[in-house]
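Here's the structure we're looking at; comments come further down.
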2 protein chains.
Amino acid sequence: MLAKDICADCAVRDQALCGSLDDQELVALNSIGQRRRVPRGATVMWAGDESVICANLLSGVLKLVASTADGREQIVGLLYASDFVGTPFADHADFTITALTDAELCVFPRQAFERVLEDHARMEHVLLQRTLRALNEARGRMLTLARKSAEEKIAGFLLDMASRAGSTGCRATPDGPLTFDLPLTRGQIADVLGLTIETVSRQMTKLKSAGVISLPGGRGITIADQNALELRAQAA
Amino acid sequence: MLAKDICADCAVRDQALCGSLDDQELVALNSIGQRRRVPRGATVMWAGDESVICANLLSGVLKLVASTADGREQIVGLLYASDFVGTPFADHADFTITALTDAELCVFPRQAFERVLEDHARMEHVLLQRTLRALNEARGRMLTLARKSAEEKIAGFLLDMASRAGSTGCRATPDGPLTFDLPLTRGQIADVLGLTIETVSRQMTKLKSAGVISLPGGRGITIADQNALELRAQAA
DNA sequence: CGCCTGGTTGAGCAACGTCAAGAACTGTGG
DNA sequence: CCACAGTTCTTGACGTTGCTCAACCAGGCG
């Protein structure tokens, strides 16, 4: 099978970095890449380890975790399908990367990938744009972590997840209530927002009591009143 | 005067992005650049504004501020001499950029700068590396903002400033106490660390009482016991 | 059925924010 | 040199938010 055929069935062929390559370039990249399945809970990369790989995320969700010496944790980023994984040009990984769901990666040896990057300005260009966007997002989240109340954090987070679910979620009428599954446990939501699991739970219950959302068991959630949620996402 | 001569007296000629260019390329870049002095307190760019410029910071310190609708603020980044200012490829600025000290910039129209970037892969490459580093730093700070105590934040911040002062600061013996001036007011420190001005002040007083630092009036500070400070920077 | 993981709820508490007053420093003009 | 205003900094009293600790509930699975 030719490399370009391998990539032809790639779910994120056009969304991922590779979208910037033509078929011929793709062959070159593909020759150093390798698919890898990662089960839920498995760690792809440990903070402090030598940085040996980069990857494209084909499916699933990964978390990027920073932690203190005494074990406190903070999720500093979530990676979804077509996102780029790893840090080129860094000797050591700064964060631990773990799969929150079963996931599939297209893995490259870091140094080989860097060489490809250097030969293909267009791909490096796309990576730069992605990195700039990630940086802006991280900085935006700094505001949330440092200055927003638990209620604002939860409301904002739910809106985020809702817009991400958007297409895959299910709603009765085009502008009516939206139902979808949260891809994270309460504990993971707490790790994203810089809260504790109890606070997350209480805020969710509060939103439910207020009729803003409902929680039909398990991971499911229905956004009943998006306006109310948006209001709470920026209440003082 | 030739462009390369203009740049020849640039204090950050080799540290800044331009360091990746040869003399000829520098002429091209310089033809679109322009020096600009910015007094302390002046705002270089407002969040939400159309993103019209990029720049290299020649001297001084800038702050990058995110704020909520109701006026709460968070400094999401500090920029020092030779740092790159602005976001290429973005239509709108996401953060407000303000001078904390008198500063000097080498300013480029954003779109012209983007064209230069596209023609000079080496420069784009350097910018990518910088952006990746900034991203890692921002993520690291997310951990601090969300999970560290006020004491840990202050201790870590002072160590940061100490290492940055390093050369310019003054110490009696090579490993003895280090004295330098903080470039930020208490209020600005609070904005960086996600605290209030009062909490910053109290923590500083506490460190002084413990004999870890001394505060010889004004902005001055002496790190008396760096080990003790490092310990407090990662205490539970 | 018991076990395990994840979620909810409650009571108490500590850290940090808020409000308020006053001290110290900076710069300006007399 | 001093008086003055304006800012920044410190300190205190008090309140609130969200964390800690602990118990209990619900669903999935051997």
Side-chain angles (χ1 to χ4, degrees), chain A residues 39-41 63 68 70-74 100-101 143-158 181-210 213-221 232 235-236, chain B residues 39-41 63 68 70-74 100-102 144-158 181-210 213-221 232 235-236:
Chain A
R40 188 167 74 93
K63 66 174 177 179
T68 60
D70 63 320
R72 284 167 288 172
E73 283 193 1
Q74 176 63 37
L100 292 179
T101 67
L143 177 64
T144 300
L145 290 173
R147 300 295 183 188
K148 297 206 183 161
S149 69
E151 180 175 35
E152 290 172 299
K153 286 177 180 178
I154 293 286
F157 175 81
L158 292 180
D181 277 5
L182 292 170
L184 307 183
T185 67
R186 298 288 189 267
Q188 288 158 356
I189 296 173
D191 281 349
V192 170
L193 299 178
L195 298 169
T196 60
I197 188 171
E198 294 96 331
T199 302
V200 172
S201 186
R202 277 187 252 270
Q203 291 295 334
M204 299 277 257
T205 308
K206 203 170 106 191
L207 289 174
K208 189 177 68 174
S209 310
I213 61 172
S214 48
L215 300 168
R219 295 282 160 78
I221 181 167
R232 281 159 200 264
Chain B
R40 188 167 75 93
K63 66 174 178 179
T68 59
D70 64 321
R72 285 167 288 172
E73 284 193 358
Q74 176 63 37
L100 293 179
T101 66
D102 288 346
T144 299
L145 289 174
R147 299 297 182 185
K148 296 206 184 163
S149 69
E151 180 175 33
E152 292 172 300
K153 286 177 179 178
I154 293 286
F157 175 80
L158 292 180
D181 276 5
L182 291 171
L184 307 183
T185 68
R186 299 287 189 270
Q188 288 158 355
I189 296 173
D191 281 350
V192 170
L193 298 177
L195 298 169
T196 59
I197 189 171
E198 294 95 330
T199 302
V200 171
S201 186
R202 278 188 251 269
Q203 291 295 333
M204 298 278 255
T205 309
K206 204 171 104 188
L207 288 173
K208 189 178 67 173
S209 310
I213 61 173
S214 49
L215 300 168
R219 294 282 158 78
I221 181 167
R232 280 159 200 264

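Quick note on labels: first sequence line is chain A, next is B, and so on, each numbered from 1.
- Between the CG atom of A:Leu184 and the P atom of C:dG6 there is a distance of 13 Å, given to the nearest Å.
- If you take CD1 of B:Ile154 and C1' of C:dG17, they are 14 Å apart, rounded to a whole angstrom.
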- request: List the protein contact pattern of nucleotides 24-30 of chain D with one symbol per nucleotide (5' to 3'): B for base contact, S for sugar-phosphate-only contact, - for none; contact means a heavy-atom distance under 4.0 Å.
  value: -------

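- Rounded to an integer number of Å, the gap from B:Gln203 CD to D:dC9 P is 16 Å.
- For A:Arg202 against D:dT20, a side-chain-to-base donor-acceptor contact under 3.5 Å is present.
- Between the side chain of A:Ser209 and the backbone N or O of A:Thr205 there is at least one donor-acceptor pair closer than 3.5 Å.
- The two residues A:Ala190 and A:Ile197 have their closest heavy-atom pair at CB-N, 3.7 Å.
- The distance from atom NZ of A:Lys153 to atom C1' of D:dG18 is 9 Å, rounded to the nearest whole Å.
- Across every non-hydrogen atom of B:Arg219 and B:Leu184, the tightest pair is CD-O, 3.6 Å.
- The CZ atom of B:Arg147 sits 14 Å away from the P atom of C:dC16 (whole-angstrom rounding).
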- request: Decide side-chain contact (heavy atoms from CB on, under 4.5 Å) for A:Thr68 and B:Glu152; before the verdict, give the C-alpha distance in whole Å, the side-chain angles of both, and the deciding distance to 0.1 Å.
  value: CA-CA 11 Å; A:Thr68 60; B:Glu152 292 172 300; 5.8 Å; no

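- Picking from D:dG12, C:dG7, D:dT10 the nucleotide with the shortest atom distance to the side chain of B:Ser201 gives D:dT10.
- Counting only heavy atoms from C-beta outward, the side chains of A:Leu182 and A:Leu158 approach each other to under 4.5 Å.
- No donor-acceptor pair under 3.5 Å is formed between the side chain of B:Arg232 and the backbone N or O of B:Lys153.
- Not one N or O on the side chain of A:Asp191 forms a donor-acceptor pair closer than 3.5 Å with the backbone of A:Gln74.
- Looking only at distances, a side-chain donor or acceptor of A:Gln188 sits under 3.5 Å from a matching main-chain atom of A:Thr185.
- With values rounded to the nearest 0.5 angstrom, B:Arg40 atom CZ is found 9.0 Å from B:Thr101 atom OG1.
- Side-chain atoms of A:Arg219 and base atoms of C:dG7 include no donor and acceptor less than 3.5 Å apart.
- When rounded to the nearest whole Å, the span between CG of B:Asp70 and P of C:dG17 equals 16 Å.
- A:Leu145 places its CG atom 13 Å from the P atom of D:dG18, with the value rounded to the nearest Å.
- B:Lys206 has its NZ atom 12 Å from the C1' atom of C:dA14, to the nearest Å.
- Contact check of residues 189-200 of chain B against DNA chain D (heavy atom, cut-off under 4.0 Å) returns B:Glu198.
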